[in-house]
Amino acid sequence: MNDAATKTVKVRYFASFREHAGISEELLTTTANTARELFDATRDRHGSAEPAGHCKVAVNDDMATWDAPIRDGDTVLLFPPVAGG
Amino acid sequence: MNDAATKTVKVRYFASFREHAGISEELLTTTANTARELFDATRDRHGSAEPAGHCKVAVNDDMATWDAPIRDGDTVLLFPPVAGG
Amino acid sequence: MVQVVTAPIDPAALAEKLKDPRAGGYASFEGWVRNENEGREVLQLEYETHEPLVIKEGERIIAEAKERWPLIGAEFVHRSGLLELGACAVWVGVAAKHRDEAFLACRYLIDDLKQRLPIWKKEHYVDGDSGWVNCERCAQHGEAGRLQR
Amino acid sequence: MVQVVTAPIDPAALAEKLKDPRAGGYASFEGWVRNENEGREVLQLEYETHEPLVIKEGERIIAEAKERWPLIGAEFVHRSGLLELGACAVWVGVAAKHRDEAFLACRYLIDDLKQRLPIWKKEHYVDGDSGWVNCERCAQHGEAGRLQR
C-alpha cells in the first residue's frame with residue numbers, strides 16, 4: 001500500500017517535549033500516515049501522557065490538525081500544551 | 001402646612017443649564033418640597049425640555065434622587081445629561 | 001483613586017502605580033478625542049466637571065467594582081478643560097490576579113463613570129458651531145437630541 | 001502587527017502607534033509576571049516561543065478580530081526568554097471608534113493568543129524547583145496537571 005510506505009520526516013520537539021527527548025529535532029523513518037500517528041509513534045520520545053487534543057502540531061510551519069497527512073520530507077513540529085500570556 | 005412653607009435654597013446650574021440661565025448659581029425662595037419640584041420650578045431658568053429622568057440632581061454635594069426632600073438652606077445642584085469619557 | 005486633571009494623562013505612570021507582585025492581569029481603557037461625532041467634524045473638546053462629586057461618586061463606583069470582583073487595584077483619571085484631537089480624555093486601569101475580573105471591572109468602571117459622574121462634554125466643530133454632547137443612554141432612548149446647537 | 005521581543009515591552013510607545021484621529025476608544029491588556037501560581041511561590045518566568053508560527057497564527061487571530069468588529073488598529077507583543085516578577089509578558093492593544101468593539105476585540109485577542117500560539121511558560125519557584133505551566137483550557141478540563149514537576 002502506498003499509504004504504509006516508509007517516509008523520512010524531520011520532527012521538532014518544543015518546551016517539555018524537547019527537554020524530555022533531550023534533543024530539539026531528529027530525522028525519523030516512519031510509516032505514520034497522519035500527524036496523530038506520528039505523535040503516538042514518538043510518545044516515548046516526548047514523554048507525555050497528554051492526549052493529542054491538549055497538544056498542537058504544525059506541518060512545514062503551518063498549524064495543522066491531527067489528521068493532517070504526513071508526507072516524505074515533511075517537517076513536523078510537536079507542541080506540548082501552550083501557555084502564552 | 002409645614003410642607004408648603006417657603007424656604008430659601010441655593011441653586012447651582014451646570015454646563016448647558018448654566019449657559020442658558022446665564023448665571024452659575026442663585027438664591028431662590030421656593031415652596032418646592034422635592035428636588036423634582038424645584039427642577040420644574042426652574043425650568044425657565046435652565047431652559048431644558050429634558051425629562052428629569054435624563055438629568056441628575058445633588059443636594060449639599062451628595063447625589064440625590066428626584067424625590068429627595070428640599071429643606072431651607074439646602075444647596076441644590078442641577079445637572080443636565082452627563083457625558084463623561 | 002479618582003482624579004480630575006487639567007494636564008495630559010500619563011497612562012504608563014498610572015499603570016506603574018498599580019503594579020503589585022500579586023497582579024497577573026492589567027486591563028485598561030483610554031478615551032481619545034475623535035475628529036468626528038454623529039457626522040460632524042470635531043476640532044476640539046471641552047470638558048466641564050463638578051470635581052467634588054466626580055471624586056465622591058467615582059470612589060463609590062470603584063468601591064462597587066471591588067465588592068463585585070477580587071481586584072488588586074482600580075483607578076481612573078478624567079481630564080477637564082479644553083482638549084485637542086487625539087488627547088486622552090479618560091483613563092481607567094484595573095489590576096487583578098487574573099484577566100477575567102480585570103476586564104469586567106474595567107468595563108464596569110468606564111460604563112458607570114460615563115453614566116453617573118457630573119461631567120459634560122462640549123464639542124467645537126470645524127464649521128465654528130459648538131454643542132453639548134447628550135448622554136449615551138439618553139441618545140439610546142431616542143428622544144431629546146442635543147440640548148443646544 | 002504581532003511581535004516577539006526579548007527586551008522589555010513599552011506599552012505607551014505601542015499605544016502611540018495605534019493613535020488615529022478616528023479612534024475614540026483604546027482598550028489594552030497587559031499580562032504581568034505574578035509571584036505565585038497555584039499555591040507555589042514564583043521567582044521568575046521563562047517563555048519559549050516558536051516565533052515564525054507565533055507571528056503567522058497571531059496575524060490570523062488579528063485578522064479574525066478585524067472581520068468580527070470594526071477596528072482601527074489591533075496589535076500584540078509577547079516577551080520571550082527570562083522575565084522577572086512584575087515584568088510585562090504580553091501586551092494587547094486595540095483602537096476603535098467606540099469602546100464596545102475595543103473591549104470585545106481586546107478580550108478575543110488575549111484569549112485566543114493564550115490558547116492558540118506556540119508559547120510555553122516555565123515557572124522557576126522560590127524553592128528551586130521549576131515546571132512548565134499547563135494550558136488554561138487543559139487545566140479547566142481538570143485532567144493532566146503539570147507535565148513535569
Side-chain angles (χ1 to χ4, degrees), chain B residues 9-28 34-36 38-71 73-85, chain C residues 2 4 29-34 37 45-58 60-61 76-80 88-92 109-123 130-149:
Chain B
V9 295
K10 184 194 280 185
V11 182
R12 295 184 62 185
Y13 303 104
F14 290 82
S16 60
F17 287 178
R18 184 194 62 250
E19 287 188 355
H20 195 273
I23 49 173
S24 61
E25 59 178 64
E26 63 184 337
L27 283 177
L28 279 186
T34 64
R36 187 187 305 272
L38 186 71
F39 182 75
D40 289 340
T42 59
R43 201 168 271 290
D44 286 343
R45 274 300 205 194
H46 58 70
S48 173
E50 289 283 343
H54 288 181
C55 304
K56 293 186 196 299
V57 63
V59 178
N60 303 328
D61 257 348
D62 269 315
M63 298 302 293
T65 56
W66 287 109
D67 54 7
I70 297 300
R71 299 191 179 83
D74 279 347
T75 296
V76 180
L77 284 53
L78 296 181
F79 297 149
V82 300
Chain C
V2 177
V4 176
F29 177 80
E30 297 177 25
W32 294 344
V33 179
R34 265 189 298 143
N37 193 25
L45 276 194
E46 195 178 341
Y47 281 96
E48 174 175 339
T49 66
H50 180 55
E51 186 171 339
L53 268 182
V54 170
I55 305 288
K56 196 187 283 187
E57 187 73 1
R60 196 168 289 154
I61 294 172
F76 62 81
V77 180
H78 205 292
R79 282 286 295 276
S80 179
C88 177
V90 61
W91 166 88
V92 178
L109 294 182
I110 184 66
D111 284 356
D112 270 49
L113 84 79
K114 276 173 179 266
Q115 287 179 356
R116 292 166 56 180
L117 300 190
I119 301 174
W120 302 273
K121 175 159 58 178
K122 190 185 222 174
E123 290 174 340
S130 67
W132 292 98
V133 176
N134 213 332
C135 68
E136 265 186 359
R137 207 193 282 177
C138 306
Q140 282 161 8
H141 288 182
E143 10 171 344
R146 302 296 173 83
L147 286 175
Q148 307 189 327
R149 285 288 275 268

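So that the names make sense, note that chain A is the first sequence line, chain B the second, and so on, each numbered from 1. These figures come from a predicted structure and were not determined experimentally.
- Classification of B:E19 and C:K122 as a salt-bridged pair holds, one side-chain N sitting under 4.0 Å from a carboxylate O.
- What you find for C:Y47 and B:A83 is that their closest heavy atoms are CE2-O, 4.1 Å.
- B:V82 has its side chain out of reach of C:Q115: every pair of non-hydrogen atoms, C-beta onward, lies at least 4.5 Å apart.
- Most heavy-atom pairs under 4.5 Å with chain C, from the set B:D62, B:D61, B:L77: that is B:D61.
- Both the backbone and the side chain of C:K114 have a heavy atom closer than 4.5 Å to some heavy atom of chain B.
- Within the 4.5 Å cutoff, the side chain of B:E50 has heavy atoms near those of the C:N134 side chain.
- Nearest heavy-atom pair, B:M63 versus C:R116, reported as atom, atom and distance to 0.1 Å: CE-O, 4.0 Å.
- With rounding to the nearest 0.5 Å, the separation of CZ in B:R18 from CD in C:E48 is 4.0 Å.
- Partners of C:W32 by ring-ring contact (aromatic ring centres under 6.0 Å, His included), not counting sequence neighbours, listed by chain and number: D:Y26.
- Using the six-membered ring where Trp is involved, C:W120 and B:F14 have ring planes that are parallel, under 30° apart on the 30 and 60° scheme.
- With a 4.5 Å cut-off on side-chain heavy atoms, B:R12 and C:H50 count as touching.
- Residues meeting the ring-ring contact (aromatic ring centres under 6.0 Å, His included) test with C:F29, sequence neighbours left out: D:F103.
- Formation of a donor-acceptor pair under 3.5 Å by the C:H78 side chain with backbone atoms of B:G85 is found in this model.
- Atom CZ of B:R43 has more than 12 heavy atoms from other residues, nucleotides or ligands within 6.0 Å.
- For C:P52, the part lying near chain B is the side chain, with the backbone staying farther off; criterion is any non-hydrogen pair under 4.5 Å.
- The NZ atom of B:K56 lies 9.0 Å from the CG atom of C:L117; values are rounded to the nearest 0.5 Å.
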